[in-house]
*Asks:* 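Would you mind keeping the following structure in view while I ask a few things?
Throughout, residue positions are numbered sequentially from 1 according to the sequence presented.
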Amino acid sequence: MDNYIVWFVLGLALAGAEMLVGTFYLLVFGLAAGVGGLVALIGLGLVPQLLAAAACAIAGTLWLRKHPISRGKAVLSLDLGQRVEVEQWKSATALRVRYRGAGWDAEVAEALPDQAVALYIVGQRGNTLLLASTPPAV
């Protein structure tokens with residue numbers, strides 16, 4: 001079997017595996033294998049094929065580190081801005097609230113002048129809701 005066929009099959013396999021992972025690194029390696037296949041197709045030896053594939057893989061990896069495509073902006077939670085009812089104040093900043101029919105631990109994100117009965121979700125830290133007296137600006 002010719003070297004270029006092996007390179008192209010490897011490139012397609014890596015690009016296909018990228019669809020399962022979603023980090024773009026396997027796509028870069030698949031493209032690098034494609035470049036190795038092109039070098040093999042024009043008739044150069046194994047060492048130039050490996051050097052071309054390695055150079056493309058290194059350049060692509062460095063580019064991905066500088067331009068992090070795989071790390072998109074966090075999706076805003078659909079819970080932001082929703083009103084919750086206070087069940088119990090545990091302390092000046094910690095409380096228990098009712099939201100979506102269940103009890104949640106919550107913390108007040110800002111200082112409140114009084115212990116309000118209705119608060120709004122402005123964030124989340126793990127399973128703890130962060131609350132404020134006014135809804136967040138969207």
*Asks:* Looking only at non-hydrogen atoms, find the nearest pair between L131 and A106 and report the distance.
*Replies:* CD1-CB, 3.5 Å

*Asks:* What distance do Q82 atom CD and R100 atom CZ have between them, rounded to the nearest 0.5 Å?
*Replies:* 8.5 Å

*Asks:* As an exercise, state the distance from CG of L50 to CH2 of W7, rounded to the nearest 0.5 Å.
*Replies:* 5.0 Å

*Asks:* Do D2 and F8 have side chains that get closer than 4.5 Å, going by heavy atoms?
*Replies:* no

*Asks:* Of the non-hydrogen atoms in A57 and A32, which two are nearest, and what is the gap between them?
*Replies:* N-CB, 3.6 Å

*Asks:* Assess whether a salt bridge exists between R98 and E85, defined as any Lys/Arg side-chain N lying under 4.0 Å from an Asp/Glu carboxylate O.
*Replies:*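 Looking at E85 together with R98, the answer is no, because their closest N to O distance does not fall below 4.0 Å.
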
*Asks:* Do L12 and M1 belong together in a cluster built from hydrophobic side chains that touch within less than 4.5 Å?
*Replies:*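 The answer is no; the residues belong to distinct hydrophobic clusters.
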
*Asks:* Given 3.5 Å as the limit, does a donor-acceptor pair link the side chain of Q124 with the main chain of G126, or not?
*Replies:* yes

*Asks:* Say whether V39 and L46 are linked into one hydrophobic cluster, either directly or through other cluster members, by side-chain heavy-atom distances under 4.5 angstrom.
*Replies:*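 Different clusters.
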
*Asks:* Work out which heavy atom in V122 is nearest to a heavy atom in T134; give both atom names and the distance.
*Replies:* CG1-O, 4.0 Å

*Asks:* Would you say that W63 contacts V28 through its side chain, given a criterion of any heavy-atom pair below 4.5 Å between the two side chains?
*Replies:*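 With C-beta onward as the side chain, the pair stays apart.
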
*Asks:* Should the pair F29 and Y25 be assigned to parallel (<30°), tilted (30 to 60°) or perpendicular (>60°) ring geometry?
*Replies:*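 Plane angle between 30° and 60°, so tilted.
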
*Asks:* Is the backbone of L26 close enough, under 3.5 Å, to the side chain of E18 for a donor and an acceptor to pair up by distance?
*Replies:*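 Yes; at least one donor-acceptor contact below 3.5 Å.
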
*Asks:* To the nearest 0.5 Å, how far apart are CD1 in I58 and CG in L62?
*Replies:*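 Reported to 0.5 Å precision, the distance equals 7.5 Å.
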
*Asks:* Are side-chain heavy atoms of V97 and I121 found at a separation under 4.5 Å?
*Replies:* no

*Asks:* Just wondering, do V35 and L31 contact through their side chains at under 4.5 Å, heavy atoms?
*Replies:*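 A side-chain contact is absent here, since even the closest heavy-atom pair is not under 4.5 Å.
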
*Asks:* Using a 3.5 Å distance criterion without hydrogens, assess whether the side chain of W104 forms a donor-acceptor pair with backbone atoms of L129.
*Replies:* no

*Asks:* Out of curiosity, does V9 fall in the hydrophobic cluster containing L38 (side-chain heavy atoms, cut-off under 4.5 Å, transitive links)?
*Replies:*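 Same cluster.
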
*Asks:* Is there a path of hydrophobic side-chain contacts, each under 4.5 Å between heavy atoms, that joins W89 and Y99?
*Replies:* yes

*Asks:* Hydrophobic cluster membership, with links at side-chain heavy-atom distances under 4.5 Å among I/L/V/M/F/W/Y: are L130 and V84 in one?
*Replies:*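 Unlinked, L130 and V84 end up in two clusters.
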
*Asks:* Quick one: does R96's side chain have a donor or acceptor within less than 3.5 Å of a partner on G103's backbone?
*Replies:* yes

